[in-house]
There are 2 protein chains.
Amino acid sequence: MIKVLIVDDDFMVAKVHAGFIQRTPGFTVVGVAHTGAQAVVETERLQPDLVLLDIHLPDINGLDLMQRLRDVAPELDVLVISAAREVETVRKALRGGIVHYLIKPFSQKDLHERLEHYRSAYQGLDSSKDVAEQADVNRVFGLDSAGAQGGRPLPKGCSVETLKLVKGALTAADGDLSANEVAVQLGTSRVSARRYLEYLHAEGVLEVRLKYGVGRPERRYVLKV
Amino acid sequence: MIKVLIVDDDFMVAKVHAGFIQRTPGFTVVGVAHTGAQAVVETERLQPDLVLLDIHLPDINGLDLMQRLRDVAPELDVLVISAAREVETVRKALRGGIVHYLIKPFSQKDLHERLEHYRSAYQGLDSSKDVAEQADVNRVFGLDSAGAQGGRPLPKGCSVETLKLVKGALTAADGDLSANEVAVQLGTSRVSARRYLEYLHAEGVLEVRLKYGVGRPERRYVLKV
DNA sequence: GAAAGTTAAGTTCATTGAGTACACAATTTT
DNA sequence: AAAATTGTGTACTCAATGAACTTAACTTTC
């Protein structure tokens, strides 16, 4: 569980963020601070993994606060959330080694994406490994060619929604599935199921095994690795 | 022209890097340093925009050196190039606000990509602008592709009133609704209903399920739990 | 070992809803 | 009062799917 501390002077905003993060699987809100002083105290006490930091605070500039928090907890990661969009502020924050800089107002989806990215990128780089691969570092900087849907734009005649369903079916399945089985499971036609399966196969996500019997052999699809 | 300082204890390596960067349009090598002490002096004297920094140095740890360089030139960006792949070293560097961390050995292509990225991302965020857009920040983190959706205050051509009606319809509905059903219920056109529904979907408020039948599948919208 | 038999893969295209471009009317700004 | 702006609708094009079909890759039979 990734422990998050929210730092925002606006009570309502802090509450909303807290609620959202609490509902995000894998994340838990361990505390909320409304001033820089509180933030330092809470960081020391709670040792969060991640701080959601608003730049605008009553007692101290958020960027300076960031340095203080790092003194208290060197392992701390910071996600800046701010309405401040002056280039100098942003650049300074970037040089401070932040996880991301979200400019208000942003949608729940934006925040959700950043949290997911944090989990997969930064946390994949933790104690479970001793040495990092270049791929791990690239992931942090968003160069993850495979992972999310950021990649190439699906062939014409395909939808993200259906693709997800197909992936889901394969993940849920214990072993391999035929196009027909996938179709039945999703409620689509075999033709559609096949479209997506072959797409995933072309992408290198799936492996195909032939199952022989009477008649033409059946193509059975399995997720790789 | 982006001024680059190379810091590497190996003379040959430094020379190779320098040659490569010199040949990269838009970049120029202003100096080379082989020790941490030299690096500090040269940084102060030459005021480079970017430092190519090897972690392994004879007189000081590269990560500590980075802090010193920042003291001398706060505007400095750092691209770490190192054979060091201990996770702790990498994480520490990331928290130090580096531009990227390239693990040796790497190809010229890798370096070239990082330089191009630096130019388009970081330099696009310089004095020419006063305020940054979310898109600018995303570019730094390599999210230039899909990230769009800048303004939260509703897309052009939408009203809060209608938005509320749409939300209301969804809340009242027991299950999911199609754009058409929402339209009929509100007395608006399907197009308008869709506008709001897709907006809510982009916001992450709604979920879309496809209902398959003959012909193109129907998008059915449900409020997320 | 060729022909027949069997089963599923692969293709075509009608169908139906999604998505877009632009026109329009009601505002607000100049 | 002319011009820009905004929220909506009309009329269209495009896209995701499945039914019906043809083709392919095997096994079995003689």
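Lettering follows sequence order; numbering is per chain, from 1.
- Residues A:R114 and A:F106 have side chains not in contact (no heavy-atom distance under 4.5 Å, counting atoms from C-beta outward).
- Protein atom CG of B:L165 is 13 Å distant from nucleotide atom C1' of D:dG7, rounded to whole Å.
- A side-chain donor-acceptor contact under 3.5 Å links A:T43 to the backbone of A:A39.
- Each of A:S189 and B:R190 lies near DNA chain D, and the nucleotide nearest B:R190 is the one positioned closer to the 5' end.
- To the nearest angstrom, P of C:dG19 lies 13 Å from CG of B:N180.
- Side-chain contact annotation: B:Y221 with B:E198, donor-acceptor N/O pair under 3.5 Å present.
- Within the 4.5 Å cutoff, side-chain heavy atoms of B:L163 are placed close to those of B:Y199.
- Side-chain nitrogen and oxygen atoms of A:S159 include at least one within less than 4.0 Å of the OP1 or OP2 phosphate oxygen of D:dT17.
- Taking atom NZ of A:K156 as the reference point, atom P of C:dA18 lies 18 Å away to the nearest angstrom.
- One can place CD of A:E198 at 16 Å from P of C:dA8, the figure rounded to the nearest angstrom.
- Looking at A:V99, A:V51, A:I98 one by one, the single match for side-chain contact (heavy atoms from CB on, under 4.5 Å) with A:D77 turns out to be A:V99.
- As rounded to whole Å, 16 Å separates atom P of C:dA18 from atom CZ of B:R209.
- Under 4.0 Å is where a charged nitrogen must lie from a carboxylate oxygen, and between A:E161 and A:K164 no such pair does.
- Using a 4.0 Å cut-off, some side-chain N or O of B:T162 falls inside it from OP1 or OP2 of D:dT8.
- Residues passing the salt bridge (charged side-chain N to carboxylate O under 4.0 Å, His left out) test with A:D176, sequence neighbours excluded: A:R209, A:R220.
- Within 6.0 Å of atom CZ in A:R68, 12 or fewer heavy atoms from other residues, nucleotides or ligands are found, so the atom counts as exposed in its surroundings.
- Applying the 4.0 Å criterion to OP1 and OP2 of C:dG10, one finds that A:R194 has a side-chain N or O inside that range.
- When atom types are taken as modelled, the side chain of B:R95 and the backbone of A:E75 share a donor-acceptor pair closer than 3.5 angstrom.
- For A:Y199 and C:dG10, the OH to P distance is 18 Å, given to the nearest whole Å.
- A:R195 contributes a side-chain N or O that forms a donor-acceptor pair with the base of D:dG18 under 3.5 Å.
- The overall bend of the helix from C:dG1-D:dC30 to C:dT30-D:dA1, read as the angle between its terminal helix axes built from five base pairs each, is 30° when rounded to 10 degrees.
- What separates CG of A:L186 from P of D:dA16 is a distance of 17 Å, to the nearest Å.
- Distances from the side chain of A:Y196 to the nucleotides C:dG10, D:dG9, D:dA16 place D:dA16 closest.
- Inter-residue side-chain proximity for B:V78 and B:R70 is flagged as met; some heavy-atom pair is nearer than 4.5 Å.
- Residue whose closest nucleotide on DNA chain D sits further toward the 5' end, between B:A193 and A:T188: B:A193.
- Contact annotation: B:S192 reaches the phosphate of D:dG9 (side-chain N/O to OP1 or OP2, under 4.0 Å).
- Remark: A:Y212, A:G213, A:G215, A:R216, A:P217 in residues 210-224 of chain A come within less than 4.0 Å of DNA chain D through at least one heavy atom.
- Atom CG in B:L197 sits roughly 11 Å away from atom P in C:dG19 (whole-Å rounding).
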